[in-house]
Structure formats: structure tokens, C-alpha cells
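Here the structure comes first, spelled out in C-alpha cells, and everything after it is commentary.
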Protein chains: 2
Amino acid sequence: MSKRITIKQIAQALHVSISTVSKALNDSYEISDETKKKIQEYAKLHKYKPNTLALSLQNKKTKTIGIIIPNILTYYFARVLRGIEKVATEKGYNIITCITNESYKKEVDTMQMLSNGTIDGFIACMSEETLKLQKFDHFHDILEEGTPIVLYDRTHQDINCDKVVTDTVKSAYKATRFLMKSGCKNIALVSVSEGLNVSEFSAKGYRKALKKYDFPINENLIIRQHDETNLKERIIKMLDTNKVDGIFTVDEISGAITIQALDAKNIKIPEEVSIIGFTNGMISRYSTPPLTSVNRFAHTTGETAAARLINKIEEKIDFEDIKTEIIKTKLVERESTKKLFIKF
Amino acid sequence: MSKRITIKQIAQALHVSISTVSKALNDSYEISDETKKKIQEYAKLHKYKPNTLALSLQNKKTKTIGIIIPNILTYYFARVLRGIEKVATEKGYNIITCITNESYKKEVDTMQMLSNGTIDGFIACMSEETLKLQKFDHFHDILEEGTPIVLYDRTHQDINCDKVVTDTVKSAYKATRFLMKSGCKNIALVSVSEGLNVSEFSAKGYRKALKKYDFPINENLIIRQHDETNLKERIIKMLDTNKVDGIFTVDEISGAITIQALDAKNIKIPEEVSIIGFTNGMISRYSTPPLTSVNRFAHTTGETAAARLINKIEEKIDFEDIKTEIIKTKLVERESTKKLFIKF
DNA sequence: GTGAAAGCGCTAACAA
DNA sequence: TTGTTAGCGCTTTCAC
């Protein structure tokens, strides 16, 4: 267990001054090649690594960004994280990840804790609870300290910072229209994300599409709940008491359970009922049948957010220059809908 | 944009010395109540937060741990992360997460980069490439510097540090036995994790069980590959040319694709073929039918690793006191196997 | 009860 | 070309 070596120790060992060592290690032109070589070799030999903390203290920059994620088990968020991680690494930034588990308190605590010089900026998705409580003071405080924040996925207009969001209303509109164009007459909506932006905006897009094309809106065909409790039973009941030939499922869980419900009733997909999912993840891809889905580019969302934040941190963009980036979606046709060759 | 305030500024504003402020904020008995009150109020008013960096530099402890994850999109790893995050937070530690994307280079680079005072210890799962290359010098180096590491899931005996692993061989043995007990005579194995510990150990357990109960080992029933390319076709072919009534799928992807293959051949699950999966994640839970699976307690793995590491960091355990913790598994019966009431 | 000074590991302006 | 010094924000010993 040979402790880490410091610049000071090198200086002592080599009988030179601390600053000489510092300069030599930074390959300064001020130092003679001979001395440089001597010092660098000694450093390498003893596996010298500069202390990041000391450097950060000095430059007032830590080269690390804080990521706030409501739930890492959600595939979408995991993909966003990956996108962030990718560009962060490319630009030499570390990320420090915090999972709030959808808790307001945890979110406030961690963000407070990190905004003390530990990080240069945040990429955050607020928790469900925060959204419900509509308490945004912690964001305001941090922003006021001059620490940049980029919000992704879930946002609110009261927070004046950069945002990266999905074009949910429009996507839901298109998904619904896709079902209509493939011949569905009675289109249901299933969601277990009640309370979140996704659910709300999806429902909006769904309604908009029906209205636009003069389809009646049947409230019995709209199932929106907060979690998956009894969802299967509810879907089966809906199927029992209504004519349904198309279902738009707003999240992966809804999609999976809808398949299970149809399977229980021995209804053929897509021959009798078509399903279109939203947020294209593992479940959609590996379900039987694989789900036609609206792909949200989570990875792009992460990349965009990270790029934006880093530009802010490095002052390539003015702090006051606020922007909301909208990430487009794309339909991935798989086997839960009838083949249809229109452009989406 | 009101910049962050420092102890020095408080001192100047209140015409006291820096050390007085420091002590007052730390509620030292040395300072008079009056001064304390004055300083603390001023600090609160101006939202003073101590600079974590400076503190860390001082105590040589950062209260943050580095997490190395090969792939965050793998549900298992996401769950481990969550477990780690939970106990880290409880004990007042931050985590800094790095995703290696199964790259040796990325793993070495990030670990080198972080072991410069940024973190107090590592919880790491080595990348596939590292495992293949068998290059472990970066682990040795870091360990030698006195930085503790806890390895999880994928490990190697050449690395002398704490480990937290799953009891894979035994679990696979039991899974296979479960299929036998439920009446299966011709049990296949499907894996797309070739090259990883899981795949290897699972196969071992599978073989062991067959041998133990005098089932013949038919190499044609063993499909092990590195990724999912052509997997479905291969399974279908196996089904075409062999009698199979039970399948042990080593990972979630294998499980999902096996279901798709059986569906394509209109084979009923579990009436004609039973499936048992390993590593119980989203796909298994939400597939149609839901998969009977061997649950690996990822969350527990994360918690155990974090608890162990923090104990090491806080020197409640001696650095040299090395231990390998084995996390048990548990069978979750769902609908892809015939009901069977034995204890597993 | 309060403050001056040293130091954590490093950089950078300035002196020699 | 090399060294001295101050300072990043904070804690802590030791004087006063």
C-alpha cells in the first residue's frame, strides 16, 4: 500500500522547488529539457497523478456535471444517461449521477449538496413529486448562484433554463393517425403514467387526432391510471364491453399488459386489434409480437442536453441565452400493426 | 446571478477573522453565543454553503465513491446501481457513475482518472473486454495506492479484493433440476452472454444437474452465442431437428427470443415446452407468457457491495481483510413452467 | 473568546 | 532556467 505521491515529495526527492516540478509536469517551456526529463521520469516511476481536487479548487471548475434521474430502472432514463455519458466523456467531463426515486426531498437534498463546488452544472429530470407539488425553488436558487441547469423530459415553464423535451403531443397525434390509416375505427388509449407530462401530452395528441379526423371520442376507451394495479383486468373489461380494434399504449408497461390482456382473450394481434406503443424500449422490442412503437430518441436527448450544458459551462453560450430543444420521434413498424406504407 | 459566498467574505462583512467564522459555523464551543448567532444568521441569509472541494482537500476524504458499470441498459446493472445508491445515500456518500460500454480502455481511463483523490473507493464490474484480455493491472495499481475496490458480478481470482457475486452455478443447477422435476426430459440451454461469467457458470450448473440425475447431455440442445444474431432461427432449427420440452434461458434476451421462436412454431408454453429464465428483469415479467425465472438479487448485490466498501473506507474493516460475499438467488414461478410445488 | 498562521495539493505571477 | 510567494476555501493548532 504505497500512498499516492505529491508534487511536493517529488520536489524534495529531486532537490528542486515545487513550482519547478509543477511546470515540468505541465511541460512548460520555461524548464530545461534535462530537468523536465528527470522530473517526468521520476513522476512516472512513482505513478504520480495530479490531485483533481486541488486542481478544481484552483480553477473553480470541476469538470464534472451532476445528473438527476428520477428512476434508473426506467429504460428511457437509462438511455438518456448513456447519451449524456457519451458526450460528457468526449468532452472530458465526469458525471455524478443521483437517483431521486421520484422523491422531492431527495431531489432537493442532492441538488443542494452538489451545488457547492462539486459540479459545474446540472442535467436534471424532476421527480414526479416535484412536478405534483410544483415546488421549484431549488432550481431557482441554483440558477441564481450561476450554476447552469438543463432540464430534460419533464419540465415546467416557471423554471427559466435550457430544456430538452420530446415532441409528445405531435407524436401521439401521429401514432393515433397511424392506427386510423391502418383501418382502425375504435381506438383506445392505455397509460400507466398518469400525472406525468408524457401521459398528459399523449392523451392530448390522441384526442386531437380523433377530433381532426372526425372520430368520436369515447371516454370508455381511455384508460389512464397511475400504476399497473388491475390494469389487465380493466383492459379485458373494456374489451368485453366495447368494440376496439386499435390501442395506443403510452408506455412500455401499458403495452406489455395490453398484449397480455389480448392474449388472455385470444384476440389476434394485429389481425383483430392493432397496438402502437410509445417510448421504444426493451419490452416493446422483445414482446411477442414485437410492438410497433413511437421511438423517443432518449440517447439524442441525453446528448443534446449534455452538449448544451457543457457549452454553457465553458461559456460558449451566454448564461442568459435560454433555449428549449425539441427532440423529434420516429415510428418503428414491427408486428403489432398491419403493414402500412405511409410516411409518418 | 449572485455568486456563491465564502467564509472569507462573511469574515470581512462582519469584521471578524476567518477562523472565527469557521468555528462559529461549526458550532464550536470556543465562540460566544452572540458571535455565533450573528455569523450563522448572516450565513443563512446569504445562503452560505461550504465548498465541498476545500473540505475534501483538507480531510483527504471525498465522501464519494466511484461506480463502474459495463452497460447501464442492462436491467441487472441498473438494479445494482440502485442498491448501491441507496446505501451510499444513507451513509452520506455521493456516487460518481461511469459507464464503460464494455470497453477495456474506457475502464482503465476512468478508473485512473478518478483515483486521484476524487473518490474514496470503487465499486466495479469489469468490462467484457477486460475479462477477455485478462488485463488487471489497473485494479492492482489502484489497490496498491490504498484505494479500496469492491468487485461485483464479474470477478477474477487474480484480483485480490472484496467481491460480491451471484451463486450462478448452483442457481443454474437448481433451475435445470426444476425443469426435470416438472417433467421435462429434453432440456435445452440458450444463452447470448457467451464470454461472460454468467454464461459459463450457468452452463456448468446445467451440465452438473443433467449429469447428477443421469440425463444425457446433448450438445445439439446447447446454444451459446455472443449476441442475438440469428438466434431465433437457430432455436427454431433446434426445435425442428430435436425433441425439446424444456429450455433454460440464461439471460433475458434469450428468454424473449425463445418465446418468439416457440410462438412462430405455434408451440404452447408451458404445455408443450417449459421455459425457465435467469436474471429476473422487466422482459421476463412482462413477456407473454411471463417467464418463470431465477431471480438474482441485484439490489442486494449493490447494497452489500456499498456497505462493504464504505466500511473499508471508514476503516471499520481492515484494508487487508478480503472477503467474497455470495448472493443467493430465488426462483420466481410464473407462467412459462408447469405449476410445481417443490421448494427450490 | 478571538485571531494569526500553517497547511491540504496545486498553479501562476513575479523575482532572481 | 529556477525558485519564491500568494492564493483557491477551509480547518486546526496555538497565541493572544
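Chain letters run A, B, ... following the sequence lines, proteins first and then strands; every chain starts at 1.
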Which part of the nucleic acid does Ser32(A) contact within heavy-atom distance under 4.0 Å: base, sugar-phosphate only, or nothing?
-> sugar-phosphate
Could you say whether Leu57(B) or Asp33(B) is positioned toward the 5' end of DNA chain C, judged by the nucleotide with the nearest heavy atom to each?
-> Asp33(B)
Between CD1 of Ile39(A) and P of dT2(D) the distance, given in whole Å, is 8 Å
Side chain of Glu30(A) (C-beta onward), nearest among dC10(D), dC14(D), dT2(D) | dT2(D)
Grab the CD1-P distance between Ile10(A) and dC10(C) for me, whole Å please.
-> 8 Å
Can you tell me if the side-chain N/O atoms of Lys8(B) get under 4.0 Å from OP1 or OP2 in dG7(D)?
-> no
Rounded to whole Å, NZ of Lys63(A) lies from P of dT11(C) at a distance of 15 Å
Expressed in angstrom and rounded to an integer, what is the separation of Glu34(B) atom CD from dG1(C) atom P?
-> 11 Å
Nearest-Å distance, NZ (Lys60(A)) to C1' (dC10(D))?
-> 12 Å
Asn116(B) CG - dG9(C) P separation (whole Å) | 13 Å
OP1 or OP2 of dT2(C) sitting under 4.0 Å from any side-chain N/O of Thr20(B)?
-> no
Return yes if some donor-acceptor pair links the side-chain N/O of Gln40(A) with the main-chain N/O of Ala24(A) below 3.5 Å, else return no.
-> yes
Would you kindly give the CG-to-C1' distance between Leu53(A) and dT11(C), to the nearest whole Å?
-> 15 Å
Please check the phosphate of dG1(C) (OP1 and OP2 only) for any side-chain N or O of Lys36(B) closer than 4.0 Å.
-> no
When His15(B) and Gln58(A) are each assigned the nearest nucleotide of DNA chain C, the 5'-most assignment goes to His15(B)
Would you confirm whether Lys312(A), through its side chain, and Asp321(A), through its main-chain N or O, come within 3.5 Å as a donor-acceptor pair?
-> yes
Ser22(A) side chain near dC10(C) phosphate (N/O to OP1/OP2, under 4.0 Å) = no
Taking only the side-chain nitrogens and oxygens of Asn26(B), find out if one of them lies under 4.0 Å from OP1 or OP2 of dT11(D).
-> yes
Answer with base, sugar-phosphate or nothing: what part of the nucleic acid does Thr35(A) contact at a heavy-atom distance below 4.0 Å?
-> sugar-phosphate
Identify which nucleotide among dC10(D), dG3(C), dT11(C) has an atom closest to any side-chain atom of Thr6(B), counting heavy atoms from C-beta outward.
-> dC10(D)
Here the distance between atom P of dT11(C) and atom CD1 of Ile31(A), to the nearest Å, is 12 Å
Would you check if the side chain of Glu128(A) reaches a backbone N or O of Glu102(A) as a donor-acceptor pair within less than 3.5 Å?
-> no
Tyr48(A) side chain N/O closer than 4.0 Å to the phosphate oxygens (OP1, OP2) of dC10(C)?
-> yes
Nearest to side-chain heavy atoms of Ile18(B), which nucleotide of dC10(C), dT11(D), dC8(C) | dT11(D)
Check every atom of dA4(C), dG9(D), dC10(C) against the side chain of Ser19(B) and return the nucleotide holding the closest atom.
-> dA4(C)
Counting distance only, does the side-chain N/O of Arg154(A) pair as donor-acceptor with the main-chain N or O of Cys125(A) below 3.5 Å?
-> no
Could you check whether Lys23(A) gets within reach of a base, just the sugar-phosphate, or nothing at all, counting any heavy atom under 4.0 Å?
-> base
Counting distance only, does the side-chain N/O of Lys163(B) pair as donor-acceptor with the main-chain N or O of His156(B) below 3.5 Å?
-> yes
Look at the side chain of Pro50(B) and decide which nucleotide, out of dC8(C), dC10(D), dC10(C), has an atom nearest to it.
-> dC10(D)
Hey, are Thr100(A) and Ser127(A) close enough side-chain-wise for a donor-acceptor pair under 3.5 Å?
-> no
